[in-house]
There are 2 protein chains.
Amino acid sequence: MSSLPRAKGAAAPRPRIAAGNGAIASPLADSPAFLVRLAQLRAFEEFHRNFAGLGVTPAGFSVLALIAANPGVRPGTIAEELRVKPSNVAALVNALVAAGLVERTVDEAELRASMLHMTTAGARAWQEMERTHRDTDARFVEALTPAERRQFVALLRKLLHR
Amino acid sequence: MSSLPRAKGAAAPRPRIAAGNGAIASPLADSPAFLVRLAQLRAFEEFHRNFAGLGVTPAGFSVLALIAANPGVRPGTIAEELRVKPSNVAALVNALVAAGLVERTVDEAELRASMLHMTTAGARAWQEMERTHRDTDARFVEALTPAERRQFVALLRKLLHR
DNA sequence: TATTGTTATACTCTATAACTATA
DNA sequence: TATAGTTATAGAGTATAACAATA
């Protein structure tokens with residue numbers, strides 16, 4: 001296949017996705033924000049496939065992970081870590097409490113504050129979820145080499161740094 | 001600050017985010033899927049800040065971008081490109097039609113199919129949106145060097161390849 | 001029958017606003 | 001007054017199911 005010479009300074013041809021039969025111009029194929037959105041769609045898809053039956057949503061899982069690693073952690077701290085509003089954390093914790101995975105207690109030295117702990121059932125469930133999460137991540141980035149995965153994580157961390 | 005020697009084979013200490021005052025263990029700081037979720041939160045935040053008043057949502061914008069680059073494109077094709085269900089594209093197109101930015105016509109040679117075009121008003125609005133989108137992307141990745149941005153995009157493309 | 005598209009509906013995730021209780 | 005947390009609610013984004021029209 002040959003191509004005509006391109007005028008000096010002319011834009012490069014649009015990149016294309018899904019170069020199958022009816023390929024169309026994909027003006028967003030160069031957009032980091034758009035590609036991140038597609039990547040997250042894939043990540044959620046992978047999550048749902050792997051966590052089916054485990055009784056947690058992606059957001060619920062992220063809250064549970066922070067409670068597992070930080071027994072007694074407060075809702076406000078979780079909200080900061082996850083970059084969401086405290087009201088959302090409250091709702092997610094409600095679901096985890098209803099599922100019997102998490103308990104709320106009151107901080108004696110700061111009666112306004114809640115302290116979040118996993119229940120025994122929560123700890124047991126967490127073991128399987130932790131394994132499942134490792135597998136899910138591995139599948140998510142399975143198209144990348146180990147070095148590329150590290151690079152990807154490093155770039156994301158730099159992008160998110162504040 | 002000194003640290004005790006670590007037993008051979010022991011896990012490295014948990015990475016921490018937001019190493020401010022009350023830093024907590026962030027067991028998800030190594031998870032590509034979780035970091036992608038945080039990155040998308042930032043991307044939407046940036047979108048809303050920059051597109052305020054332009055009358056489109058992120059999903060609506062992505063549909064409009066495909067119509068702008070592919071006059072006459074069909075809803076099903078857009079659904080494939082955006083990796084969402086056709087029913088969602090229908091709703092997003094409804095909103096763009098209601099806003100006067102897009103028109104639906106019927107394909108004469110395939111009466112089942114719709115053909116999507118921008119209106120004159122849509123084309124005018126699109127010019128500003130395209131500029132805004134470039135700025136938004138630039139701010140989204142402003143912590144990265146140009147080379148890192150290219151690397152980031154390349155890794156995302158590889159990750160998404162199917 | 002299979003394909004294209006749409007409507008109706010439900011669920012997840014997030015944000016804002018209003019409220020209670022404590023500091 | 002300011003802070004920690006919660007409830008109530010709304011909006012965006014996605015999916016599934018049921019349907020109509022066309023191939």
- Message: So which atom in T132(B) and which in N50(B) form the shortest heavy-atom distance, rounded to 0.1 Å?
- Response: CG2-O, 3.5 Å
- For A69(B) against P27(A), the heavy-atom pair lying closest together: CB-CG, 3.6 Å
- Side chain of H48(B), backbone of F44(B): donor and acceptor closer than 3.5 Å? yes
- 5' priority, DNA chain D, between R37(A) and M115(A) [closest heavy atom]: M115(A)
- Between E110(A) and L41(A), name the one whose nearest nucleotide on DNA chain D is closer to the 5' end. E110(A)
Listed nucleotide nearest any side-chain atom of [X], set [options]:
X	options	value
N88(A)	dA15(C), dT22(D), dA12(D)	dA15(C)
A59(A)	dA15(C), dC13(C), dT22(D)	dC13(C)
V84(B)	dA23(C), dA15(D), dT6(C)	dA15(D)
R74(B)	dA23(D), dG5(C), dT12(C)	dG5(C)
R112(B)	dT3(C), dT7(C), dT6(C)	dT3(C)

- Would you state whether a donor and an acceptor, one from the side chain of S87(B) and one from the base of dT16(D), lie under 3.5 Å apart? yes
- Of D107(A) and A91(B), whose closest DNA chain C nucleotide lies nearer the 5' terminus? A91(B)
- Is the number of heavy atoms from other residues, nucleotides or ligands under 6.0 Å of E110(A) CD greater than 12? yes
Specify the separation, in whole Å, of atom [atom1] of [X] and atom [atom2] of [N].
X	N	atom1	atom2	result
F34(B)	dC13(C)	CZ	P	13 Å
F44(B)	dA12(D)	CZ	P	11 Å
K85(A)	dA4(D)	NZ	C1'	15 Å
E45(B)	dT16(C)	CD	C1'	15 Å
H48(A)	dG13(D)	NE2	P	17 Å

- Query: Is any side-chain nitrogen or oxygen of R104(B) closer than 4.0 Å to OP1 or OP2 of dT6(C)?
  - Reply: yes
- Task: Determine: side-chain N/O of T57(A) to OP1/OP2 of dC13(C), distance under 4.0 Å, yes or no.
- Result: yes
- Checking all strands, does A113(B) fall into the base, sugar-phosphate, or nothing category for heavy-atom contacts under 4.0 angstrom? sugar-phosphate
- Query: Within the structure shown, what part of the strands sits under 4.0 Å from P86(A) by heavy-atom distance: base, sugar-phosphate, or nothing?
  - Reply: base
- Query: How are the rings of H133(B) and F61(B) set to each other: parallel, tilted or perpendicular (split at 30° and 60°)?
  - Reply: tilted
